[in-house]
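Chain naming here is simple, since letters A, B, ... match the order of the sequence lines and numbering starts at 1 in each. Values below: all heavy atoms of this structure, side chains included; hydrogens, waters and symmetry mates excluded. Note that this is a predicted model, so its numbers are computed, not measured.
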2 protein chains.
Amino acid sequence: MEPKQQRLMFRQQKQSETTSGLCDNYQQANMVVLPKDYAFAFLLFCMRNPKSCPLMDVLEPGEVTPAIADADVRSDLPKYRIYRDGEWTEDVLDIHAYWRDDFVTFLIGCSFTFEKALSDAGISLLHQELNRVVPMYKTTISLAQAGMFEGNMVVSMRAIKHEQVDKAVRISGEFTHAHGRPVHIGDPEAIGISSLMEPDYGEPAVGETQERTPVFWACGVTPQNAAAQAKAPIMITHAPGHMLITDERDPYYANS
Amino acid sequence: MEPKQQRLMFRQQKQSETTSGLCDNYQQANMVVLPKDYAFAFLLFCMRNPKSCPLMDVLEPGEVTPAIADADVRSDLPKYRIYRDGEWTEDVLDIHAYWRDDFVTFLIGCSFTFEKALSDAGISLLHQELNRVVPMYKTTISLAQAGMFEGNMVVSMRAIKHEQVDKAVRISGEFTHAHGRPVHIGDPEAIGISSLMEPDYGEPAVGETQERTPVFWACGVTPQNAAAQAKAPIMITHAPGHMLITDERDPYYANS
């Protein structure tokens with residue numbers, strides 16, 4: 001299905017599933033919507049932390065159609081998450097009822113498509129083989145502060161066979177709008193992770209560690225967390241795994 | 001003189017001259033100060049027009065010390081220009097009397113240092129040989145709009161000997177924080193310039209056109225113009241040619 005058709009299915013609420021694996025070869029985006037009073041500081045936060053918050057698009061206050069997708073951000077994602085004063089209060093399928101003219105929408109790169117590129121290149125990703133959500137960890141890597149936005153980086157971990165690590169680094173490095181190269185390879189304790197078996201989000205996928213190296217990427221949960229910690233009176237994001245499918249071809253596949 | 005000492009001379013108003021040629025090998029920055037209400041849109045404008053507005057640093061509201069210079073932006077530039085409702089009203093040597101807690105300072109890359117790199121590489125720059133201010137022109141190259149900020153690109157032109165154009169492109173391309181590669185080479189009319197002899201800013205420096213190609217770079221006047229057109233009740237910039245000297249080594253010279 002083409003992105004436009006797929007988004008229409010979400011708009012009409014005929015589907016509300018995760019976008020993982022949908023519209024292959026098109027980039028997907030994390031979404032963060034904040035009132036304009038928070039927009040300058042959050043934009044600055046993203047610029048100061050480009051590995052965690054690779055901006056794909058920023059909309060004007062009140063605007064609902066991104067440059068990167070002929071979509072309405074109020075209805076064309078499969079599911080949304082509402083936060084009030086930094087606390088998650090509900091998940092909904094449409095945000096027209098919540099929308100305000102001073103809302104600013106940020107679209108941030110996502111790792112779904114670089115995972116596909118890694119798989120397509122024959123790189124074994126343990127969490128995919130186990131059919132689990134990729135494990136994510138809070139780290140001690142501190143982020144550059146901007147206004148009320150601060151915190152530590154959240155990373156995703158993929159256990160990769162030793163001999164495929166170089167290739168994974170090289171391929172993910174081409175996805176500059178989706179976190180790019182790993183931020184850390186190897187020893188989890190070096191970045192404050194005490195046990196790989198106990199991720200803060202997602203599911204453990206460590207397996208035969210003798211054969212695999214843990215490789216850590218900056219993760220799109222980071223900006224959501226930082227934004228929640230800033231305790232804006234209202235914030236809306238995509239629900240985890242329920243991204244905006246854009247009209248942007250994945251650069252890795254753009255010429256194929 | 002080191003940047004810190006030089007800035008102290010400006011702070012103490014022992015000097016108020018142009019920074020052209022001062023503190024060689026350190027980057028200089030254009031400055032734009034706007035009230036916070038304009039900051040989100042101006043930041044977005046800079047991000048959407050990175051060739052014209054290569055951001056070096058953005059300060060928090062009210063903050064006066066950049067990350068890139070151990071300086072006070074209220075006193076450490078040699079001269080400032082005040083605009084009210086988009087109109088230039090006065091030039092001053094210190095802006096303490098104007099400062100407000102909601103002022104946001106933007107520091108934008110400048111072409112002074114890449115000019116030095118071009119000269120050092122033996123590239124003949126006609127305006128320098130004639131000891132003139134580089135000619136600048138309004139063009140028909142439209143900029144991406146963001147909120148109240150819009151307009152066309154202003155370019156600077158350097159008349160370069162045919163056989164040195166490739167080298168000039170390559171060297172300036174390394175200055176990604178100072179406008180980078182040219183935006184246009186050759187035919188001025190293609191970008192809406194009817195006569196090279198009549199620049200909108202600076203002085204004509206065309207010379208023996210048989211021997212030279214006009215080469216056009218995005219120019220730091222662009223963001224100032226766009227900001228003036230937005231008619232903020234107050235805006236403060238550096239006075240033309242009177243930049244902030246930063247503590248950042250020029251990347252081209254950083255290893256030498």
Side-chain angles (χ1 to χ4, degrees), chain A residues 29 31-68 73 100-109 142-151 176-177 180 223 226-227 230 232 235 248, chain B residues 29 31-68 73 100-109 142-151 176-177 180 223 226-227 230 232 235 248:
Chain A
M31 184 173 94
V32 174
V33 177
L34 284 165
K36 183 173 182 302
D37 283 351
Y38 291 77
F40 170 68
F42 190 67
L43 182 52
L44 199 52
F45 180 77
C46 291
M47 289 181 58
R48 288 179 178 171
N49 298 286
K51 290 282 272 188
S52 295
C53 315
L55 285 170
M56 293 180 68
D57 203 357
V58 182
L59 280 65
E60 307 271 341
E63 197 187 350
V64 297
T65 301
I68 60 172
V73 297
R100 298 185 344 203
D101 284 347
D102 70 334
F103 276 177
V104 176
T105 301
F106 298 83
L107 300 174
I108 295 168
S142 65
L143 299 166
Q145 185 180 355
M148 64 289 274
F149 298 99
E150 60 183 322
T176 51
H177 286 292
M235 169 172 86
E248 298 283 299
Chain B
M31 185 173 93
V32 174
V33 177
L34 285 165
K36 183 174 183 299
D37 284 349
Y38 291 77
F40 170 68
F42 189 67
L43 181 52
L44 200 52
F45 180 77
C46 292
M47 290 181 58
R48 289 180 178 170
N49 298 286
K51 289 283 272 188
S52 296
C53 314
L55 284 170
M56 294 180 68
D57 203 357
V58 182
L59 280 65
E60 307 270 341
E63 198 186 350
V64 298
T65 301
I68 59 172
V73 297
R100 298 186 344 203
D101 284 346
D102 71 332
F103 276 177
V104 176
T105 301
F106 298 84
L107 300 173
I108 295 167
S142 66
L143 298 167
Q145 184 180 355
M148 64 290 275
F149 298 100
E150 61 183 321
T176 51
H177 286 292
M235 170 172 86
E248 298 283 299

To see if you've got the definition right, give the donor-acceptor pairs under 3.5 angstrom between chain B and chain A.
from, atom 1, to, atom 2, distance (Å)
B:R48, NH1, A:E60, OE2, 3.0
B:R48, NH2, A:V58, O, 2.5
B:V58, O, A:R48, NH2, 2.5
B:E60, OE1, A:G147, N, 2.8
B:E60, OE2, A:R48, NH1, 3.0
B:E60, OE2, A:G147, N, 2.9
B:G147, N, A:E60, OE1, 2.8
B:G147, N, A:E60, OE2, 2.9

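Every residue two or more places apart in sequence or in another chain that forms a ring pair (Phe, Tyr, Trp, His ring centres under 6.0 Å) with A:F106 is listed here: A:F42. Evaluation of the side-chain contact (heavy atoms from CB on, under 4.5 Å) rule for A:A226 yields A:F45 as partners, not counting sequence neighbours.
Closest approach of A:L44 and B:V58 over heavy atoms only: CD1-CB, 3.4 Å. Closest non-hydrogen pair, A:F40 versus B:L59, comes out as CZ-O, 4.1 Å.
In this structure, no portion of B:A41 lies under 4.5 Å from any heavy atom of chain A.
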